[in-house]
Amino acid sequence: MKKYNPEIIEKKWQNYWAEKRIYKSRADKTKKKFYVLEMFPYPSGKIHMGHLRNYTIGDVTARFYKLNGYNVLHPMGWDSFGMPAENAAIENSVNPKDWTENNIKSMKSQLMKIGLSIDWEREISTCDANYYKHQQKIFIEFFKNGLVYKKDSFVNWDPVDKTVLANEQVIDGKGWRSGAIVEKKKLSQWFLNISKFSEELLGDLNQLESWPEKVKLMQKNWIGMSEGAEIKFKIYQSKLSIDIFTTRPETIFGASFIALSVEHKLSSQFLGDEKFLEFRNKCLKMQETRDSVQEKIGFHSSLFAEHPFIKNEKIPIFFSNYVLINYGNGAIFGCPAHDERDYHFAKEYNIPIKCIIKSKEKELPYCEENKADILINSEFLNEKNIKNAKETIIEKIEKLKIGRKCVKFKLKDWGVSRQRYWGCPIPIIYRKDGEILAVEDSELPIRLPNDIKLTSIGNPLEDHPHWKITKCPETGMEAVRETDTLDTFFDSSWYFLRFCSPISSKEPFKDEDISYWMPVDHYIGGVEHAILHLLYSRFFVRALKVCGKQVPKEPFKKLITQGMVCHETFRTKDNKWIEPKNVIKEKGKYWTNQGSKTIEVIKGRSEKMSKSKKNIVDPDSIVFTYGADTARLFMISDSPPERDLEWSIDGIKAMNKYLEKIYDILSSEFNFTVTFPKDKDMLDQEKRAYEFTNKTIYTFSEDVKNYRFNTAVAKLRELSNHLIKEKLEGQIFNYCWSIYLRLIYIITPHFSQELVYKSGSDQIIENIEWPQADLTKPSNNKVIIVIQINGKKKGVIEIDENIKKDRLIKTIVGSQNNYSIDVKKTKKIIFVPNKIINFVI
RNA sequence: GCGAGCGUGCUGAAAUUGGUAAACAGACAGGACUUAAAAUCCUGCGGGUGGCAACACCCUUGUGGGUUCAAGUCCCACCGCUCGCACCA
């Protein structure tokens, strides 16, 4: 019979902590605050390993800072709007609200069992009207401040989820959730004016010192700033002109055609042209599939543009699939000699290719910008280098008023309309006379109706018999409600603010709470949100600021992106995935039973746990079998947080065995103690243990601060190995092991607290301040110095700390060794105090 | 194609940022206890050469070169893997 019974002790302490409301947090200006946040989950109903890892990392952090004297805020909530609820509703004819609430209930009970130090009194759920009514208010504020607008545009349409997706939500031409190929569809949509903040969002990345460089770079690339110029090309024999954008204005003398996107405003002149419409549809289709990414097709508009600097030079105007409406002005000049795409296009349509840069490279297209290169065939730009030519041409076009220097961004406004039911209703009404009005404050929240029919076709809010019918409160005129709902990324763009004042009913958050708790000090989540959620949130605080809210400029001070939890994969020869637990290894090969037969399976590489690859391990059953403390310990000890974690049941078992062993040792003869009367008469063995323990306090704390949990755990194991080996007794035994329990407490809280309790102490570790490391050495002041000859290790010597070079050399030369050193023959002796001495012969 | 990161035992990894490579674990092997197994405990565990032996010497951080008294760490080239972006003018 095992003494260590996590099932009982974990429940016991969880109940105790809950009863004492030990994790409740209050704003307290007399104390330093610390806001730890993990990305809140979508309530699918079951937690997965990623959650367990994420929340363990956060919890260890939260507990560490709490014990170090900080006033910690560590809340949890639910990102509870979204497609799966609706799909479940269609499939199993349940109400999305009931489905979601049930999921929250079961997921919460799973999370509770992990022993997280969460202030559950701050729990929020985005599908709760108490949450989304504030969100609707925020939307209205945005609306009134011109940060949200409606426009017709071609949007990304997901044919499976039957909704529009934002650009960020289209990955490789496919919907981020459904995986369906996204189509182009023209719809009237609400947009958030995120592009207005492009420059700020980009520039302020520099301030985020504690964000991973990788994430910052991804955001930088996504915002995608490029500097260049806009240049006006007059259309020949017309009053119209085209503004093109280029980053290479100096190549203007090489311009031999104009290319426009099929969605460029000039295309409106050709809408009566069958051939153009056919061409346009072909282009839109090509952009959807992305298969033919390199193929360039053109449609000669029959129009010509006048070259702004070459008299009587007419250049043809094309529409082409390779010019994107999303970027710049949707119009370019083609300079085939110095742009790869223009080159291919020019070849295809027999357009002249004029070289205007003289360089060492002979071959065209030549696209590089080298300092040594100079311009040719370019009139007043001739003989200038590229940088110079750029400046000259920009000056010139600005003087002639046919263009200007400008900066363009790739980042586009964020489309937030979704044609789905299970989301936050957009608080807008359309009056019969065409006015678009924000809903009055007093009418908020606009609630989702419960009596809906969910089918796979159409928007339930649109189809509801009367939900959308309303009146204008001012004029009494008939009106209809907006039936689209908000993208769920809208919900998660401000939840971290709501956690500061979770029950405030008048306002989304209170200034005094925000000024105390914000920004989030450590934000922990998956790297998959590097752009979407994190960029939206950064935008949101800026937009809220514009609306007069007192929020910090950056919401997340430090970001930790944790890696995925991976597990081995197996499949049969006909590519069917097999669960790893059903695979047996024998004779160096892998086998599984199928029916009555045993067949060979192929071991694939370890991949992120996913249902489709059948390599999922359910954390709840692990917690049930081995206990939360074992699971928590494993989650952080194998790999550093930012790296992928390889799931290993052997690893879990080993952690469990380890805890059992320590539990056994401390089950008898142990008395928990916080103080220790250090004195000079300690035995050597006691001095060593004291020193080791205090060194561990220091190194463990440093590792935890720097998110090196794997090495932190290694240090605890070194400590326990040492303490076991030394066979201590009495006060020193109690002291060292007490420190050990207090350190490991942040990882295995139930385990530590139970052992304290069992030892007869009534101390609650949560209430004891983190131990301070005493780094003065009570034992000998010896160090080990490595002896090298020509940089190769020849031996070591244990000697007094801070020994001088000369004395050390004397000692080494005078001692008996396997190597002989003749000081007279050495060319040089390199000495690094207390570390190394190197004799160069 | 562009950008970023990584490459260390059988495996997960560590290395105070230029100073004893492989800490701490897992797997495996051998031993003790046991009638036996499990559990537990002990020992070994990068490669090679020499020796009965304790031991000694040499090699080893993807490959090749370089800087340095000293390189897993810095520089150059190449190979491989992973991730992000991808007609962005």
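Proteins get letters first, then strands, A, B, ... in listed order; numbering begins at 1 in each.
Heavy atoms of N326(A) sit nowhere under 4.0 angstrom from any nucleic acid atom. Note on K792(A): only backbone sugar-phosphate atoms sit closer than 4.0 angstrom, heavy atoms only; bases stay farther off. In this structure, K715(A) reaches neither bases nor backbone, as no heavy-atom distance under 4.0 Å exists between it and the strands shown. Residue K661(A) is in sugar-phosphate contact alone, with no base atom involved, counting any heavy-atom pair closer than 4.0 Å across all strands shown. Within the nucleic acid shown, E718(A) comes within 4.0 Å of sugar-phosphate atoms alone, with no base atom in reach, counting heavy atoms only. Residue-level contact check: T246(A) touches the backbone only, with heavy atoms under 4.0 Å from sugar-phosphate atoms and none from bases. Contacts of K828(A) with the nucleic acid, taken as non-hydrogen atoms under 4.0 Å apart, involve only primed sugar atoms and P, OP1 or OP2. The residue I836(A) sits close to a base: some heavy atom pair falls under 4.0 Å. Contact annotation for V323(A): base contact, defined as any heavy-atom pair under 4.0 Å involving a base atom.
For the pair L260(A) CG and A89(B) P, the interatomic distance rounds to 17 Å; values are reported in whole Å. Put simply, CZ on F700(A) is 21 Å from P on A23(B), counting in whole angstrom units. Distance, I789(A) CD1 to C57(B) P: 10 Å, rounded to whole Å. Rounded to a whole Å, the NE2 atom of H344(A) is 13 Å from the P atom of G1(B).
Two residues, L645(A) and V713(A), neighbour RNA chain B, and the one matched to the more 5' nucleotide by heavy-atom proximity is L645(A). Residues K835(A) and D650(A) both approach RNA chain B. Their nearest nucleotides, taken by heavy-atom distance, put K835(A) toward the 5′ side.
The pair K715(A)-D703(A) counts as a salt bridge, with a side-chain nitrogen and a carboxylate oxygen less than 4.0 angstrom apart. Between K705(A) and E702(A) there is a salt bridge, since at least one side-chain N of the basic residue sits less than 4.0 Å from a carboxylate O of the acidic one.
Nucleotides G64(B) and C57(B), compared at atom C1', are 27 Å apart to the nearest Å. C10(B) and A4(B) have their P atoms separated by 33 Å, given to the nearest Å. Taking atom P on both nucleotides, G47(B) is separated from G66(B) by 29 Å, rounded to a whole Å. Rounded to whole Å, the C1' atom of A14(B) lies 14 Å from the corresponding atom of U73(B). Taking the C1' atom of each, C74(B) and G1(B) are spaced 30 Å apart, rounded to whole Å. When the C1' atom is used for both U49(B) and U34(B), the distance is 42 Å, rounded to whole Å. Taking atom P in both A13(B) and C6(B), one finds a spacing of 14 Å when rounded to whole Å. Comparing C75(B) with C87(B), their C1' atoms are spaced 36 Å from each other, to the whole Å.
Contact of the K232(A) side chain with the E230(A) side chain is not registered, since no non-hydrogen atoms from C-beta on lie closer than 4.5 Å.
Both distances falling under 3.5 Å, in either a Watson-Crick or a G-U wobble arrangement, place U40(B) opposite A32(B). The partner of A21(B) cannot be assigned: no Watson-Crick or G-U wobble pair with both contacts below 3.5 Å exists in any strand. Both distances falling under 3.5 Å, in either a Watson-Crick or a G-U wobble arrangement, occur for no nucleotide opposite U73(B). Using Watson-Crick or G-U wobble geometry with both donor-acceptor distances under 3.5 Å, U8(B) finds no partner in any strand shown. Base pairing of G3(B) is made with C83(B), judged by Watson-Crick or G-U wobble geometry with both donor-acceptor distances under 3.5 Å.
Distance from the side chain of P640(A) is smallest to A13(B) among U20(B), A13(B), A89(B). If you check A4(B), U82(B), A70(B) against the side chain of R605(A), the one that comes closest is U82(B). Residue N838(A) has its side chain nearest to A70(B) when only A89(B), A70(B), A4(B) are considered. When the nucleotides U40(B), A25(B), G19(B) are ranked by their closest atom to the side chain of R717(A), A25(B) comes out on top. Across A89(B), U20(B), C58(B), the shortest atom-to-atom separation from the side chain of I784(A) is found for U20(B).
The cationic atom of K695(A) (NZ for Lys, CZ for Arg) does not lie both less than 6.0 Å from the six-membered ring centre of Y698(A) and within 45° of the ring axis. A cation-pi arrangement is found for K296(A) relative to Y322(A), the charged atom lying closer than 6.0 Å to the ring centre and inside a 45° cone about the ring normal.
Counting heavy-atom neighbours within 6.0 Å of E199(A) CD, excluding the residue itself, gives a total of 12 or less.
Note that the CD1 atom of I194(A) and the CG atom of L201(A) stand 6.0 Å from one another [nearest 0.5 Å].
Taking the six-membered ring where tryptophan is involved, the planes of Y663(A) and F751(A) are tilted, since the angle between them lies from 30° to 60°.
The phosphate of A13(B) has OP1 or OP2 within less than 4.0 Å of a side-chain N or O from S639(A). Between K794(A) and the phosphate of C58(B), there is a side-chain N or O to OP1/OP2 separation shorter than 4.0 Å.
Under 3.5 Å, the side chain of Q788(A) and the base of G19(B) form at least one donor-acceptor pair of N or O atoms. Side-chain to base pairing of K296(A) with C87(B): one donor and one acceptor N or O lie within less than 3.5 Å of each other.
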